[in-house]
Amino acid sequence: MYKRITKSHFFRTFSSLPNLTSCITTLQSSATNINLHQGKKLHAYMLINGFLTSPISITSLINMYSKCNAISDAFLVFSSSSTSNCELNVFAYNAIIAGFIFNDMPKPALRVYQRMRLAGVTMDKFTFPCVVKAFSGYGDVVGFKIVHGLVFKSGVDHDLFVGSAVVNGYLKFGLMADAHKVFDEMPDRDVVLWNAMINGYAQIGEFQNALECLRKLRAEGNVPSRFTVTGILSVLTLKGDLHNGKAVHGLVTKMGYFSGIAVCNALIDMYGKCKSFLDALDIFEVMAIKDIYSWNSVIGVHQQSGDHEGTLKLFDRMLRDGVFRPDLVTVTTVLPACSHLAALRHGKEIHGYMITKGLGKDDDDTYINNAVMDMYGKCGSMREAQLVFDHMTIKDSASWNIMIMGYAMHGFGHEALNVFHKMREANLMPDEVTFVGVLSACSHGGLVKEGQEFLSQMESRYEIAPTVEHYTCVIDMLGRAGLLEQAYGLLSEMPIKTNSVVWRALLAACHLHGDANLAKIAVRKVIDLEPEHCGSYVLMSNVYGTMGRYEEVSDVRHNMRQQKVKKTPGCSWIEFGNGMHVFGTGDRTHPDEELIYSKLGSLYMSMGLCQTT
DNA sequence: TTAGGGTTAG
């Protein structure tokens, strides 16, 4: 083994065989460059040459393994040293605790900390930042406060690194007043400490205070860092403040921070959420180096702009690009685009991708599985939605609501109510969304009696005040069932403000049952509440059309022209083979038009209807 | 020899 190592190319980089000092220097470079291969060779060499009795070697090896994503090896070095003749000192404890924190493992970090205390090793200003982070990461507020006490006792409370960690810890627990007290008592403040406060205020939505911190930070002569910029951008994003967002964009240019990927990602997000979509896309395109956040943010931009096709195109580009694999965040952004477009094939592909990559298989992946279920539901595949639902170990109220809504949407009223009853059996309290689903299930399934009962139970039994959306479902339900007077009565007696949507539901019912008199009342209300909406004029003209009152049809059309209301032609589409097929009213442009209309004709025949087109 | 801060999802 020794002979093979000494002959290797690796050792030719040294002018003579490395001594302890050069081993440690090289271990540091292995850690910085994440070169595990080089680090392991040095480890072997040091073992053979008896260098591992030095505490410095142990610390350097622990650090190298921690930084090279080999935390278990780091812990092995730590544990085996305590049993050998090398006594563990504060450096070794600090290094392994830091290693666990670096690898986002607060629990084992805390176990080592307890061991360190039992061993009577005195903690120093290097121990505390990591231990503090371990307690806040593990969510142990009592332990965290005890350590804060020890910070005082050890006299390191004025150290900037310790102070920043404590402030961040309190902020993580949502204890702003305590964080502020620690911040105020610090004799010196650097940009990192200020950044902690900026982010703390951002988290609790106190945007003005966050911006005030930025002002004070600069007034005290600190230079905003890349981290300050991302923190402030997150504030402006939540505030929807495009004006100041653009000013920060200027600052980024001035400071030369464009090289920071996170800064650019924050700018993309800010422009996207502030609806300045082209600016967001521009930044993404000019970024020399992108990461998974860049892709996810810009995919989010397409979603926010309502460009669902753009979202799918970008997803394809990401796959073709091949540098970053879609993660949970990516698929949660792309799945709703499939739902909107009813793009079942794309949705299935993404679900398939998730299965092969093991995404969404964990118990707590409820959110992503909800998105998959919603996609199947909106694309009309309730069987698949039910399968996903059945396999989920943890279901939240959204999971149940999605199933109820899915069945309701496709007219499976009884199935929807069945899910609702099972939800109750599972002791989950229904919310507003649940009842929108339940009531639309009653409406689409013609379950009038049940729907009326649910509306009355909402407040008395579930303490949920019905909103205009709930009333709309019920009015739609009564209207579809031909109970127009009852629908009108409910609408007139509604204890909350009506809107154009609920009146339009009544209008649609008037069309269905040919009640021109009630339609007139409804249409007046709709036009009053939303004059620019074309749907109500069209419905009114259809009501007259069905009754053969063509003069009135022409009056409505004339009125529409006078009001400069334009009707956007409606269309439907279906995914088939490799493409999307779009159809407008009376559209005969499809290449398979003859075949399609002949099939349509035979379907009409089977349904006992005459072909009208 | 050892340490602290930022971005993404309905």
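Residue numbers start from 1 in every chain, and the chains themselves are labelled A, B, ... in the order their sequence lines are given, proteins ahead of strands. Just so it is clear, the model here is predicted, and its values are computed rather than measured.
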I'd like to check the ring pair (Phe, Tyr, Trp, His ring centres under 6.0 Å) partners of A:F284; sequence neighbours left out, ordered by chain and number.
A:W295

Decide whether a cation-pi geometry holds between A:K290 and A:F324; the criteria are a distance under 6.0 Å from NZ or CZ to the six-membered ring centre and an angle within 45° of the ring axis.
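Cation-pi check for A:K290 and A:F324: fails.
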
Base, sugar-phosphate, or nothing for [X], non-hydrogen atoms under 4.0 angstrom?
X: A:A196; result: nothing
X: A:A398; result: base
X: A:D396; result: nothing
X: A:V331; result: nothing
X: A:T330; result: nothing

Please list, by residue number, the residues of residues 148-156 of chain A whose heavy atoms come closer than 4.0 Å to an atom of DNA chain B; answer none if no residue qualifies.
none

Does a side-chain N or O from [X] land closer than 4.0 Å to OP1 or OP2 of [N], or not?
X: A:K273; N: B:dT7; result: no
X: A:K290; N: B:dT8; result: no
X: A:K133; N: B:dG5; result: yes

Send over the distance from [X] [atom1] to [N] [atom2], rounded to a whole Å.
X: A:W295; N: B:dT7; atom1: CH2; atom2: C1'; value: 17 Å
X: A:K172; N: B:dG4; atom1: NZ; atom2: C1'; value: 11 Å
X: A:D104; N: B:dG4; atom1: CG; atom2: P; value: 12 Å
X: A:Q304; N: B:dT8; atom1: CD; atom2: P; value: 11 Å
X: A:I198; N: B:dT7; atom1: CD1; atom2: P; value: 12 Å
X: A:F324; N: B:dT8; atom1: CZ; atom2: C1'; value: 13 Å
X: A:F126; N: B:dT2; atom1: CZ; atom2: P; value: 9 Å
X: A:M123; N: B:dG4; atom1: CE; atom2: P; value: 17 Å

Could you give me the CA-CA distance, side-chain angles and deciding distance for A:E285 and A:R317, then say whether salt bridge (charged side-chain N to carboxylate O under 4.0 Å, His left out) is met?
CA-CA 13 Å; A:E285 295 302 345; A:R317 183 176 150 194; 3.0 Å; yes

Salt-bridge test for [X] and [Y]: reply yes if a basic N is under 4.0 Å from a carboxylate O, no otherwise.
X: A:E206; Y: A:K239; value: no
X: A:K181; Y: A:E185; value: yes
X: A:K378; Y: A:D374; value: yes

Name every donor-acceptor pair, under 3.5 Å, that has one atom in a side chain of residues 152-161 of chain A and the other anywhere in the protein, sequence neighbours excluded.
from   : atom 1 : to     : atom 2 : distance (Å)
A:S154 : OG     : A:L150 : O      : 2.7
A:D159 : OD2    : A:F161 : N      : 2.9
A:D159 : OD2    : A:V162 : N      : 3.0

Are B:dT1 and A:F91 stacked, with the base six-membered ring and the side-chain ring centres under 5.5 Å apart and planes under 30°?
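Stacked: ring centres under 5.5 Å, planes under 30°.
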
When you measure only distances, ignoring hydrogens and angles, does the side chain of A:T59 come within 3.5 Å of the base of B:dT1 through a donor and an acceptor?
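Between B:dT1 and A:T59, which were checked side chain against base, a qualifying N/O pair under 3.5 Å is present.
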
